[in-house]
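Everything on this sheet refers to the single structure shown next.
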Amino acid sequence: MTSTQNRTLQFQELGLMDYEPAFEFQEKLMKEIIDLKLANRNRTDDEQVETPNYLLFVEHPHVYTIGKSGDEHNMLANAKKLEEINATYVKTNRGGDITYHGFGQIVGYPILDLDNFKSDIHLYMRNLEEVIIRTIAEYGLKGERSEGETGVWLDVGKAYARKICAMGVKTSKWVTMHGLALNVNTDLRYFEYIIACGIKDKGVTSLQRELERKFSEEEMAEVKEKIKKHFCDVFEAQIV
């Protein structure tokens, strides 16, 4: 751990990018931070080098990803159906079960050294949820946590509870990767081919469905700015 905490974030908008290269980019940044942390172990307090933090935004073409502890039975589409709907299926190293990424969804990948914040994975996940809860509140939606189910939900405890933002992370040496996926204009029909996050009795939703209007490119950009603002507020960070 460095003697000082660096709470600045280097922000990058990756635009539309396939899942695999975005995953590889995350791994590259994560490795650089871990290597720096390991090198700091051999430095005196005066020689310590601050570790960087990153916040990446990206939009993926249709892809289903499953975490390392996920149940493959939650993928309901076979290879032929995936080809028909122009989607891919990727096994990845995050926590959580199966989820969908696609057009009209804002995916955020924070690559943070939690030693710069607080070395607490549970708190980190609750903070990610808080960022989205505050963001969608600006659109008049009451986001909630569902006990034992990561992410942000609407109408928790009711028969029509539904998830609007999925989350899954991986950490190594207190460095994070993966993150959150907020449904904005997302085509929710793609969730019909999976048991999302392995949860059978709850649905999914989007800002578009809840507000009954499609978000323009300018409005999508506004949502991103709100996420960035609330991320900085919740994590007491600053984008540089």
Side-chain angles (χ1 to χ4, degrees), residues 9 11-19 22-23 26 54-65 85-88 90 94 96-110 125 127-146 149-156 160-169 178-194 196-197 199 202-235 239:
L9 303 170
F11 174 75
Q12 293 190 48
E13 170 63 69
L14 301 181
L16 183 63
M17 180 182 286
D18 285 336
Y19 184 83
F23 172 81
Q26 288 183 78
Y54 301 90
L55 177 59
L56 314 176
F57 280 175
V58 66
E59 184 178 14
H60 294 308
H62 304 301
V63 59
Y64 297 99
T65 71
I85 62 177
N86 198 28
T88 56
V90 178
R94 60 165 171 78
D97 208 288
I98 194 165
T99 196
Y100 161 77
H101 297 308
F103 303 104
Q105 185 184 70
I106 297 173
V107 177
Y109 292 139
M125 297 303 297
N127 281 342
L128 285 183
E129 290 164 349
E130 183 65 22
V131 169
I132 299 303
I133 288 171
R134 294 187 187 187
T135 298
I136 66 174
E138 295 203 39
Y139 296 93
L141 298 177
K142 184 183 178 183
E144 300 177 281
R145 297 176 179 88
S146 181
E149 297 172 335
T150 303
V152 177
W153 301 77
L154 304 180
D155 291 309
V156 170
Y160 45 90
R162 54 216 182 274
K163 180 182 280 191
I164 196 166
C165 183
M167 296 180 181
V169 304
H178 302 290
L180 58 88
L182 175 64
N183 295 326
V184 183
N185 290 329
T186 315
D187 185 344
L188 300 177
R189 292 175 297 179
Y190 276 80
F191 286 97
E192 296 172 4
Y193 300 106
I194 59 173
C197 304
I199 301 169
K202 295 186 176 73
V204 293
T205 191
S206 65
L207 286 175
Q208 179 182 8
R209 172 172 286 182
E210 297 299 322
L211 302 178
E212 298 182 338
R213 65 179 177 85
K214 186 170 183 176
F215 279 59
S216 66
E217 287 187 18
E218 291 77 14
E219 289 172 317
M220 284 283 285
E222 288 175 2
V223 178
K224 292 178 181 180
E225 288 304 311
K226 293 181 191 301
I227 294 173
K228 287 160 66 176
K229 174 188 179 298
H230 292 301
F231 195 98
C232 288
D233 289 346
V234 170
F235 284 89
I239 290 177

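For the numbers below, each heavy atom of this structure counts, side chains included, while hydrogens, waters and symmetry mates do not.
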Under the criterion side-chain contact (heavy atoms from CB on, under 4.5 Å), I'd like the reasoning laid out for Leu207 against Leu141: C-alpha separation, chi angles, the key distance, then a yes or no.
CA-CA 9 Å; Leu207 286 175; Leu141 298 177; 3.6 Å; yes
Are any of the side-chain heavy atoms of Leu180 and Val107 separated by less than 4.5 Å?
no
Once salt bridge (Lys or Arg N to Asp or Glu O under 4.0 Å) is applied, do any residues pair with Asp18, and if so which ones, sequence neighbours excluded?
none
side-chain hydrogen bond (donor to acceptor under 3.5 Å, both in side chains) with Tyr190: which residues, sequence neighbours excluded?
His62
Nearest atoms (heavy-atom pairs only) where Trp153 meets Gly203:
CZ3-O, 4.4 Å
For Gly15 and Val58, work out which heavy atoms get closest and say how close.
O-CG2, 3.3 Å
For residues Glu222 and Phe215, determine if any side-chain heavy atom of one lies less than 4.5 Å from a side-chain heavy atom of the other.
no
Under the side-chain hydrogen bond (donor to acceptor under 3.5 Å, both in side chains) test, residues paired with Gln105 that sit two or more places apart:
His101, Asn183
Approximate separation, where rounding is to 0.5 Å, of Leu154 CG and Tyr160 OH
10.5 Å
Minimum-distance pair of heavy atoms, taken over all atoms of Tyr109 and Gly179:
CD2-N, 3.8 Å
Tell me whether Glu149 is salt-bridged to Lys163, with the criterion being a basic N under 4.0 Å from an acidic carboxylate O.
no
Holding to salt bridge (Lys or Arg N to Asp or Glu O under 4.0 Å), I want the full list of residues that pass it with Glu219, two or more places apart in sequence or in another chain.
Arg213
Step through it carefully: locate the ring centre of Phe11, locate the ring centre of Phe57, and say whether they are under 6.0 Å apart.
yes
Counting only N and O atoms by type, is there a donor-acceptor contact under 3.5 Å from the side chain of Glu144 to the main-chain atoms of Val156?
yes
Evaluate the side-chain proximity of Ser206 to Asn185: yes if any heavy-atom separation is below 4.5 Å, no if none is.
no
Derivation and outcome, side-chain contact (heavy atoms from CB on, under 4.5 Å), residues Ile227 and Val223
CA-CA 6 Å; Ile227 294 173; Val223 178; 4.2 Å; yes
Once rounded to the nearest 0.5 Å, what's the spacing between atom CG of Leu55 and atom CZ of Phe235?
9.5 Å
Going by the angle between their ring planes, with limits at 30° and 60°, are Tyr100 and Phe191 parallel, tilted or perpendicular?
perpendicular
If you measure from CZ on Phe231 to CG on Leu128, what distance do you get to the nearest 0.5 Å?
6.0 Å
Looking at Glu192 and Arg189, is there a salt bridge between them, counting it only when a charged N and a carboxylate O are closer than 4.0 Å?
no
Rounded distance (nearest 0.5 Å) linking atom CG of Leu14 with atom NE2 of His60
8.5 Å
To the nearest 0.5 Å, what is the distance between CD1 on Ile164 and CG on Leu182?
6.0 Å
Less than 4.5 Å apart, any side-chain heavy atom of Phe103 and any of Thr186?
no
Counting the benzene-type ring for Trp, do Phe23 and His178 have ring centres under 6.0 Å apart?
yes
Holding to side-chain hydrogen bond (donor to acceptor under 3.5 Å, both in side chains), I want the full list of residues that pass it with Tyr54, two or more places apart in sequence or in another chain.
none
Does any non-hydrogen side-chain atom of Leu188 lie less than 4.5 Å from one of Arg209?
yes
Are Glu225 and Lys229 ion-paired here, with the side-chain N under 4.0 Å from a carboxylate O?
no
Once rounded to the nearest 0.5 Å, what's the spacing between atom CZ of Arg94 and atom CE of Met167?
13.0 Å
With salt bridge (Lys or Arg N to Asp or Glu O under 4.0 Å) as the test, would you mind laying out the steps for Glu138 and Arg134 before giving the verdict?
CA-CA 7 Å; Glu138 295 203 39; Arg134 294 187 187 187; over 6 Å; no
What residues, two or more places apart in sequence or in another chain, satisfy side-chain hydrogen bond (donor to acceptor under 3.5 Å, both in side chains) together with Glu129?
Arg126, Arg145
Thr88/Tyr19 under side-chain contact (heavy atoms from CB on, under 4.5 Å): CA gap, chis, key distance, verdict
CA-CA 9 Å; Thr88 56; Tyr19 184 83; 5.9 Å; no
Quick one, Met220 and Ile106 - any side-chain contact, counting heavy atoms below 4.5 Å?
yes
